[in-house]
Structures are given as structure tokens and as C-alpha cells.
Amino acid sequence: MAAVSASGRCCHRVERFGASRHSANGSLVSIPRLLEVLRMQRLKSVWGISALWLLAGACLQVQAVEISDMKDFSDLHGRYAPAGDCKRQPRIVIDAGGMTFEVATARTRVTNPEFAASFFGGASDSYEGISRVFFPFRNKQADGYPIIMMFNADEKKGILTVAGQDEGWKGGPPLTPLNKALVAGSPYSRCR
């Protein structure tokens, strides 16, 4: 019996004998007609999903620009650590010259991060919040960025989040030890 559930999904109960099914209103529907209806529903779903992906791609295209330092982002300068406790690691230091990542005994300096200027709305300049997004590292083998940094995350001044971007997702390449430590330490707060 073919019936439409409250959620709009087509539900089928297979009958043991016979070459027909009952529709939602109780009338008989031939198997070829039922298959035709199912193919059309699937086709509509495919087109709908395709349209959503195209729309998402158009809306979510983020342009990142390489910058040579962090001097124009003085409001982000400072030391960041888990819970704002600079005795803990990892620590991230932002100054006019760039970003320094301190994990265990290693220090990594980045002087040319990429600023995702269009992350919150593109070229329309309609975003007026305080959050800023950066990609400190680039993938060596391909386009993309292993991690993403969001300063003033959730519009909260002094909060920094670090998350996997092109690494660390299920089925994808694993995070490097440095990036794994940075993601595990998130969220960060500006040191007190």
C-alpha cells in the first residue's frame, strides 16, 4: 500500500500477492504507475538538491586575501590561551608582525596569513560585526587551508576559536600534530 506520511515521505507496504498497490485514498495504483511516480519524486529531489548546492556555492564563496602582517588588526593584538590562562598551552600571540603559535616547546611564526574578508557577507560590506576570520596556514599539496581561526567568535570580544577546515573531517586528511593541538585548545580567550 502506498501512503504519504505526515512528513511528506512516500511509505510503501509490500503486499504478498498481486501486481498493484493502494494509493493514499484507497484506489488501486498499478506498479508501473507507482514506479513512474517514484522516479518523478526522485527526479524532483535531485533537481532540488542540485539547486540548493548551486545556491549555497554562490552564497558561500569566501575570498581570502594574503596579508603581509597584522598591523591593520590592532584590536586583535594580544596573547590568547585556553580559558585566558597564559600559563597553559597552546598559546597564540598576535602582534603587528603576524601570528605566533606556541605548542609544547615549538614556536611557529606566520607573517603572511590569509584574511577571509568576505566570510560574513562578501563584497556587499553588509556585515558590521566584530568577528574576523583568518587562515594562518595553507595546504602544501592542494588548494585550501587546514584550519580556520575566528577572532571575536560569536561576536564576543577577546574570544578566539580554531577549527579544522580542510583537515580533520571524517574521511579526510588528518590534522597535523600542530593543528590538532590548536584545535583541541579551542576556544581561547585573551590572556588576563
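Nothing here was measured: the structure is a model prediction, and the numbers come from that model. For this chain, numbers begin at 1 and follow the sequence in order.
Annotation for Pro113 and Met70: closest pair CG-SD, 4.0 Å, computed over non-hydrogen atoms. For the residue pair Val162 and Ser186, the shortest heavy atom distance occurs at N-OG, 2.9 Å. Across Arg138 and Asn112, no two heavy atoms sit closer than the pair NH2-O, 2.7 Å. The two residues Ile147 and Phe135 make their nearest non-hydrogen contact at O-CD2, 3.5 Å. The heavy-atom pair separating Ala181 from Tyr188 by the smallest distance is O-OH, 4.0 Å. Closest approach of Pro90 and Leu182 over heavy atoms only: CB-CD2, 4.0 Å.
Atom CD1 of Ile92 and atom CE of Met99 lie 8.5 Å apart (nearest 0.5 Å). Going from atom OG1 of Thr105 over to atom CD of Gln89 covers 8.5 Å, rounded to the nearest 0.5 Å. Atom CD1 of residue Ile94 and atom OG of residue Ser74 lie 12.5 Å apart, to the nearest 0.5 angstrom. In this structure, OG on Ser189 lies 14.5 Å from CZ on Arg79, to the nearest 0.5 angstrom. Between the CG atom in Leu76 and the CG atom in Asn152 there is a gap of 6.0 Å [rounded to 0.5 Å]. Interatomic distance, CZ of Arg190 versus SG of Cys86, reported as 11.0 Å (0.5 Å rounding).
The aromatic rings of Tyr80 and Phe151 sit perpendicular to each other, their planes meeting at more than 60°, with 30° as the lower class boundary.
Just one residue in the list Ile148, Leu175, Leu178 forms a side chain to side chain contact (heavy atoms under 4.5 Å, CB included) with Val183, and that residue is Leu175.
No donor-acceptor distance shorter than 3.5 angstrom exists from the side chain of Glu155 to the backbone of Gly129, with no hydrogens or angles considered. Side-chain atoms of Gln165 do not come within 3.5 Å of backbone N or O of Tyr145 as any donor-acceptor pair.
Ring-centre distance between Phe115 and Phe73: below the 6.0 Å cut-off.
For residues 80-96, the salt bridge (Lys or Arg N to Asp or Glu O under 4.0 Å) pairs, not counting sequence neighbours, are Arg91-Glu102, Asp95-Arg109.
Using a 4.5 Å heavy-atom threshold, the side chains of Met149 and Thr161 count as separate.
At a threshold of 4.5 Å between side-chain heavy atoms, the hydrophobic network of Ile, Leu, Val, Met, Phe, Trp and Tyr places Val93 and Ile159 in two separate groups.
With no hydrogens or angles considered, no side-chain donor-acceptor pair links Glu167 and Thr176 at under 3.5 Å.
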